[in-house]
Amino acid sequence: MGCDKYVIIALVSVVGLIIPASGQNAAQDYVNAHNGPRSQVGVGPVSWNPTLATYALNYANTMTGSCNLTHSTGPYGENLAKGSSSSFTGVSAVNLWAAEKQYYDHANNCCIGTNQCLHYTQLVWHDSTQIGCARVRCNNGWYFVICSYQQPGNWEGESPY
């Protein structure tokens, strides 16, 4: 099965669909949530990078007014998500990105149809070995999550693994 060629900016928004969880916003929580899907496809683990975490937090803080899923256009790879419930944790966001695996056609290196899979491919990108993430509460009560990746992924024509 081939894939249609679409250029899609993949953004995720969730409205109250997350099962409550305690914590799950610490650095190690983000690392563990990333390393599970990465190990499933034979990609090495990521480690926490405080510089990336600072970058992510600084950018997240600029989004508290709008809570829009707008990319920073900075030097790092990036995944964004937002959710309306306080139970929308950093791990919840990573799990949403990982769930896009079902829409990734590895044989043809593309997303299936018009489905989003670019969060997933960034999450498992072989050269992305360091992450830094942040979660902030927006003025409207929603939660904004960002993970920054070094090296960035999703290079056209390259496979994530």
Side-chain angles (χ1 to χ4, degrees), residues 3 5-14 24-83 88-101 103-106 108-111 114-140 142-161:
C3 295
K5 298 293 180 190
Y6 293 95
V7 175
I8 298 172
I9 296 176
L11 304 173
V12 175
S13 176
V14 175
Q24 300 186 349
N25 296 304
Q28 195 60 49
D29 296 324
Y30 284 105
V31 168
N32 293 343
H34 276 78
N35 286 337
R38 292 174 66 85
S39 69
Q40 290 174 2
V41 295
V43 176
V46 294
S47 60
W48 189 256
N49 180 311
T51 301
L52 293 174
T54 298
Y55 179 88
L57 180 59
N58 288 341
Y59 183 70
N61 282 330
T62 71
M63 300 309 292
T64 59
S66 68
C67 216
N68 289 336
L69 294 174
T70 305
H71 285 280
S72 71
T73 66
Y76 307 114
E78 191 168 275
N79 277 341
L80 307 175
K82 68 179 180 180
F88 185 73
T89 64
V91 170
S92 300
V94 177
N95 289 341
L96 284 174
W97 303 327
E100 292 178 4
K101 179 181 183 177
Y103 304 120
Y104 177 62
D105 178 348
H106 183 63
N108 292 300
N109 191 33
C110 59
C111 300
T114 59
N115 294 295
Q116 295 183 16
C117 73
L118 298 179
H119 297 102
Y120 169 71
T121 55
Q122 175 60 81
L123 190 151
V124 298
W125 197 263
H126 57 93
D127 287 337
S128 297
T129 59
Q130 298 180 9
I131 64 167
C133 306
R135 174 185 176 261
V136 296
R137 186 167 189 209
C138 299
N139 296 343
N140 64 2
W142 285 56
Y143 292 83
F144 180 92
V145 176
I146 175 175
C147 285
S148 298
Y149 299 84
Q150 182 66 25
Q151 297 290 331
N154 287 333
W155 295 104
E156 190 172 343
E158 288 187 35
S159 176
Y161 54 88

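This chain uses plain numbering: 1 for the first residue, then up along the sequence. Heavy-atom basis, side chains included; hydrogens, waters and symmetry copies ignored. This structure is a prediction, so every number in the text was calculated from the model and none was measured.
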Gap between atom [atom2] of [Y] and atom [atom1] of [X] - 0.5 Å precision:
{"X": "R137", "Y": "C67", "atom1": "CZ", "atom2": "SG", "result": "10.5 Å"}
{"X": "N68", "Y": "K82", "atom1": "CG", "atom2": "NZ", "result": "5.5 Å"}
{"X": "S47", "Y": "Q150", "atom1": "OG", "atom2": "CD", "result": "11.0 Å"}
{"X": "E100", "Y": "L118", "atom1": "CD", "atom2": "CG", "result": "7.5 Å"}
{"X": "C147", "Y": "E78", "atom1": "SG", "atom2": "CD", "result": "9.5 Å"}
{"X": "L80", "Y": "H119", "atom1": "CG", "atom2": "NE2", "result": "6.5 Å"}

Do any N or O atoms from the side chain of [X] and from the backbone of [Y] form a donor-acceptor pair under 3.5 angstrom?
{"X": "R135", "Y": "Q24", "value": "no"}
{"X": "N140", "Y": "W142", "value": "yes"}
{"X": "N139", "Y": "S66", "value": "no"}

Derivation and outcome, side chain to side chain contact (heavy atoms under 4.5 Å, CB included), residues N25 and Y143
CA-CA 12 Å; N25 296 304; Y143 292 83; over 6 Å; no
List the residues meeting ring-ring contact (aromatic ring centres under 6.0 Å, His included) with Y103, not counting sequence neighbours, and say none if there are none.
none
Sequence-distant partners of Y104, ring-ring contact (aromatic ring centres under 6.0 Å, His included), two or more places apart
H106
Measure across I131 and V46 and return the closest heavy-atom pair with its distance rounded to 0.1 Å.
CD1-CG2, 4.0 Å
After noting the C-alpha distance and the side-chain angles of Y76 and I146, does the key distance pass the side chain to side chain contact (heavy atoms under 4.5 Å, CB included) rule?
CA-CA 11 Å; Y76 307 114; I146 175 175; over 6 Å; no
Check the orientation of Y120 and Y161. Use parallel for under 30°, tilted for 30 to 60°, and perpendicular for over 60°.
perpendicular
Pairs involving [range], ordered by first then second residue, that meet side chain to side chain donor-acceptor pair (under 3.5 Å) (sequence neighbours left out):
{"range": "residues 29-38", "answer": "Q28-N32, H34-Y149"}
{"range": "residues 121-134", "answer": "N49-Q130, T121-N154, Q122-S128"}
{"range": "residues 51-65", "answer": "Y55-S72"}

Suppose we screen for side chain to side chain contact (heavy atoms under 4.5 Å, CB included). Which residues come up paired with A98, at least two apart in sequence or across chains?
P37, L123
